[in-house]
Amino acid sequence: MSHPAAANRYFVPAPSHWPLVGSLALLLLASGAVLTMNSIANGGFVLMGGFAVLAVMLFGWFGRVIGEAESGSYNLQVDRSFRWAMAWFIFSEVMFFAAFFGALFYVRVLSVPDLASADQALLWDGFKNQWPSAGPAVKDPFTPMHAWGIPAINTLLLLSSGVTVTWAHWGLIANKRQQLIIGLALTILLGLVFISLQAYEYGEAYSHLNLKMTTGVYGSTFYMLTGFHGFHVTLGATMLIVILLRTVKGHFTAERHFAFEAVAWYWHFVDVVWLGLFVVVYWL
Amino acid sequence: MQATQHAGHAGHDDDSHSHGPTGLMRWITTTNHKDIGTMYLWFSFVMFLVGGAMSLVIRAELLSPGLQYVSPEFYNQMLTLHALIMVFGAIMPAFVGFANWMIPLMIGAPDMAFARMNNWSFWLLPPAAILLTSSIFVPGGAAGTGWTLYPPLSIQMGMGMDMAIFAVHILGMSSIMGSINIITTILNMRAPGMTLMKMPMFCWTWLVTAFLLIASMPILAGAVTMLLTDRHFGTSFFNAAGGGDPVLFQHIFWFFGHPEVYIIALPAFGVVSHVIPAFSRKHLFGYTSMVYAIAAIGLISFFVWAHHMYVTGIPLTGQLYFMYATMLIAIPTGVKVFNWVTTMWRGSLSFETPMLFALGFLVLFTIGGLTGLVLAMTAVDIQLQDTYYVVAHFHYVMVAGALFSAYAGLYFWLPKWTGHMYNEGLGKLHFWLSMIFFNIAFFPQHFLGLAGMPRRIPDYAQQFADFNQISTIGSFGFGISQLLVLVVVFKAIKGGAKAEARPWDGARGLEWTVPSPAPHHTFEDPPAFDPAEAHA
Ligand code: HEM
Ligand SMILES: [Cu+2]
């Protein structure tokens, strides 16, 4: 029987304690969150502890992975595994957002019109079917978010960041490291401006528009969708920063740069979710 | 001979090769699919005993009418934890354990695609189990809503509900990571020459299951996240006063929940599709149609969710659509049952314990499937919704279906894992006790349901007393019989007749070409795929 060179075997990592550290982090985070949400003393400490352990785990684990990648442990088959995995992971994220988009669809097409129908007139007399709506019992007046101010600018920002990250990728493939670094830096910059504008928008909403989480279903869906999206942009930007730092350190070659592509895919995914948000949350 | 060559080759790598930590740290840090599979299986069995003990609390309370042992609140908590633990802690991890142990062996891969993440998928389970079980002791007790966590009740519950929500989040992460791992392993690490349509059926069922998990677990995560914000941050997703709707939760939950039942059922189908051919000494009948049936079941399972919601006031057209769509699933399921039966047709049958459990599965799962068809009919379900008929139905598919299939797999592969044959007499005893007591416990529940006894109630009217008594006796018998598994497994670990590489003469597949017990590392170099081992 022919033995392929052992060096070309599929890489199976050595035993590692990081998974257990990760589980501990999640246990602390969950318990801390439960305690905090139920206003029990010291919940905050547990929560912070959870974040700290999580950070240690992320540094340690990803540090390990990066080391393995740079030392050439991953053959092409492993590379293909990573690609499949990232694609399926993004699919799971799509489904996560689908739950909230589904909720938005349901309240706009079914529950609000139904609450305003003749069937419900005894309970909720005078409630009108319109969108945005905070429901029949939330009487606090609010101003909905306009699409063509900050959100439109944000759309432009994210779309251009999709261009810059692709341009950076072209640089990487053509071995133009300068272009790669500039492209990445621009993408990160656009992402950070996006996040800042989003934070500003939230501030405005709370202080001037009286638009809050408690503003009925409009507020609920608005903050849930834009909030989770903003969180994902933050994650994506963080990952881009890591990629930039690695690039500066000389990681990645024109042929082998899965991490870069994974983050680029993620960034495009976040971009597409935003387009969905812009249309159904802000615009229509 | 191919097989012996493989065996010798795989065996060159003795256990001293694994130079990782020893003792407890070996298990905590392991990146070996066999170790991780073993941990999944033990975890699942422990959870099965915990969840089983809870079900016995329920059944004890139901022994006679009136309230005797527990308060209604505690009854509800037991009911909820029993179900969550059985579904997420016992049945699902059992099949993930099988997947971990067997898929790399079946496809000739050195390990799972992501061995370290694999370990994390497992180690996420204990924190979730801790959150669930310890929630009994917090103020207000555990979640008492039933495993479906419907609002508005779930919004009014105490902090035990939050613990359940976070447990579900963690379990979801574990499932998603595990599924990504399994899908990638199957798609990317098959031995050269093993095309998808030559792949063992267990791998096919897991491929589709992993897809269902990746698509549906995030939906559940979204649903419980909305519960959490409704509970603590003043959102109104499930609150009509704010324009939301409690029924919205049901839609989202069941969009996850129905695929979930196939997440439990498909791997069970996979195991049975190995056991029946092996003990019939024939190829699986209709391999290709099996694959299409699995794919069809997986796909349709996303479009039938509101058959759980016939009485929520969905429009008549909706009821009709969901009724027909649900019945459609009976077609691919029927194809599978037909193929299993036809595999046995004129086979050279023998009835060792794995085959007995597979046959028990076949008969009882089919009964459960038929009562499912009854429940799919809107007009009938309006009568039967939330009665004991439903409880009987899903225990036929989940206990006699998934659990029996898991036992079939356990007895089938135990020789490969331990290197010893299990005690056939004890195995058969375990089967017959399970089979008889299961039916004593659950068959009468059909009658209770038809007579109108509601589920999720600690007390009931006098007229239901007899059948409940029978059911409780059966439950205790069933529960106690399960301890036999421990005896059988320990005996097989400790000793017993030496198992050959292929202890079942009718079994095919790469997993039977490596020695028993399987060495710590197998197939570090991809084996050549031998068509004689193909299932098709
Ligand atoms: C020893 C075997 C078992 C016994 C005796 C048992 C008994 C029970 C009982 C008495 C109930 C309460 C029914 C009600 O009042 O509505 C119940 C509910 C349930 N069981 Fe089991 N069970 C067993 C095994 C399992 C297994 C293996 C699973 C899952 C894979 C399972 C899943 C469920 C589910 C999902 C519910 C519904 C809980 C709810 O209403 O939310 N059970 N079981
Ligand atoms: Cu269903």
Side-chain angles (χ1 to χ4, degrees), chain A residues 1 3-4 6 9-10 12-20 22-24 26-27 30-31 33-34 37-38 40 61 77 80-81 84-85 88-89 91-93 95-100 102-103 106-107 110-112 114-115 133-138 212-214 216-221 223-224, chain B residues 5 9 20-21 26 28-31 109-111 113-117 119-120 123-124 126-127 130-131 159 162-163 166-167 169-170 173 176 179-180 183-184 187-189 214-219 221-223 226 229 232-237 239-245 248 251-252 524-525:
Chain A
M1 275 186 99
H3 281 256
R9 281 180 176 170
Y10 194 92
V12 179
S16 163
H17 59 276
W18 292 121
L20 190 76
S23 295
L24 179 69
L26 286 184
L27 182 60
S31 333
V34 170
M37 284 172 188
N38 293 283
I40 294 174
W61 192 331
Q77 196 187 2
R80 243 182 352 259
S81 285
W84 273 121
W88 286 111
F89 170 64
F91 175 60
S92 78
E93 291 269 47
M95 294 309 288
F96 183 65
F97 276 98
F100 302 121
Y106 184 93
V107 295
L110 292 165
S111 74
V112 170
D114 186 53
L115 285 167
S133 165
V138 179
K212 304 180 175 154
M213 287 258 260
T214 47
V217 270
Y218 180 71
S220 309
T221 50
Y223 282 104
M224 194 65 114
Chain B
Q5 240 179 34
H9 165 192
R26 162 179 169 199
I28 288 180
T29 62
T30 183
T31 47
D111 207 295
F114 305 104
R116 216 167 9 208
M117 184 170 86
N119 184 21
W120 199 23
W123 280 105
L124 281 174
I130 292 171
L131 284 171
M159 66 188 278
D162 297 320
M163 297 171 83
F166 285 114
H169 274 135
I170 294 176
M173 289 177 60
I176 290 169
S179 302
I180 290 178
I183 249 183
T184 307
L187 289 177
N188 194 33
M189 297 179 68
I214 298 176
S216 71
M217 289 309 276
I219 300 277
M226 287 185 254
T229 58
H232 293 292
F233 302 102
T235 56
S236 313
F237 290 105
N239 177 4
D245 186 353
L248 168 59
H251 280 289
I252 305 177
E524 284 178 295
D525 298 310

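Just so we're on the same page: letters track the sequence lines, and every chain starts at 1. None of these values were measured; they are calculated from a predicted model.
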Please classify the contact between [X] and chain A as side chain, backbone, both or neither, with a heavy-atom cut-off of under 4.5 Å.
X        : result
B/Ile170 : side chain
B/Met173 : side chain
B/Ile183 : side chain
B/Leu124 : both

### Query
Is the shortest heavy-atom distance from the side chain of A/Met224 to the side chain of B/Phe237 under 4.5 Å?
yes
### Query
Under a 4.5 Å cut-off applied to non-hydrogen side-chain atoms, are A/Ser92 and B/Ile214 in contact?
yes
For [X], is it the side chain, the backbone, both, or neither that has a heavy atom closer than 4.5 Å to a heavy atom of chain B?
X        : result
A/Ala14  : backbone
A/Leu115 : side chain
A/Phe89  : both
A/Ala134 : backbone

[X] and [Y]: which non-hydrogen atoms are nearest, and at how many Å?
X        : Y        : answer
A/Ser16  : B/Thr31  : N-CG2, 4.5 Å
B/Gly243 : A/Pro136 : N-CD, 3.8 Å
B/Pro110 : A/Tyr10  : CG-CB, 3.8 Å
B/Gly222 : A/Ala99  : CA-CB, 4.1 Å
B/Ile219 : A/Ala98  : CD1-CB, 4.4 Å
B/Gly244 : A/Val107 : CA-CG1, 4.3 Å

May I ask you to name which of [options] has the most heavy-atom pairs under 4.5 Å with chain B?
options                               : answer
A/Leu20, A/Val112, A/Leu24            : A/Leu20
A/Gly135, A/Ala137, A/Ser81, A/Ser133 : A/Ser81
A/Met37, A/Arg80, A/Lys212, A/His17   : A/Met37

### Query
Do B/Trp120 and A/Trp61 have ring centroids that are under 6.0 Å from one another?
yes
### Query
Does the A/Gln77 side chain pair with the main chain of B/Asn188, one donor and one acceptor, at a distance under 3.5 Å?
yes
Could you have a look at [options] and say which one has the most heavy-atom pairs with chain A under 4.5 angstrom?
options                                : answer
B/Leu248, B/Asn119, B/Asp111           : B/Leu248
B/Ala115, B/Ala113, B/Ala223           : B/Ala113
B/Met217, B/Arg116, B/Met163, B/Met117 : B/Arg116

In Å and rounded to the nearest 0.5 Å, what is the [atom1] to [atom2] distance from [X] to [Y]?
X        : Y        : atom1 : atom2 : answer
A/Leu110 : B/His251 : CG    : NE2   : 7.0 Å
A/Met213 : B/Thr229 : CE    : OG1   : 6.0 Å
A/Ser23  : B/Ile28  : OG    : CD1   : 10.0 Å
B/Ile130 : A/Ser31  : CD1   : OG    : 8.5 Å
B/Met226 : A/Ser220 : CE    : OG    : 10.0 Å
A/Ile40  : B/Met159 : CD1   : CE    : 4.0 Å

### Message
Would B/His232 and A/Asn38 count as a side chain to side chain contact (heavy atoms under 4.5 Å, CB included) here? Give the steps.
### Response
CA-CA 8 Å; B/His232 293 292; A/Asn38 293 283; 3.7 Å; yes
### Query
Strictly by modelled atom types, are A/Tyr106 and B/Asp245 linked by a side-chain donor-acceptor pair under 3.5 Å?
yes
### Message
With side chain to side chain donor-acceptor pair (under 3.5 Å) as the criterion, how do A/Trp88 and B/Thr184 come out once you've worked through the C-alpha distance, each side chain's angles and the decisive distance to 0.1 Å?
### Response
CA-CA 9 Å; A/Trp88 286 111; B/Thr184 307; 5.4 Å; no
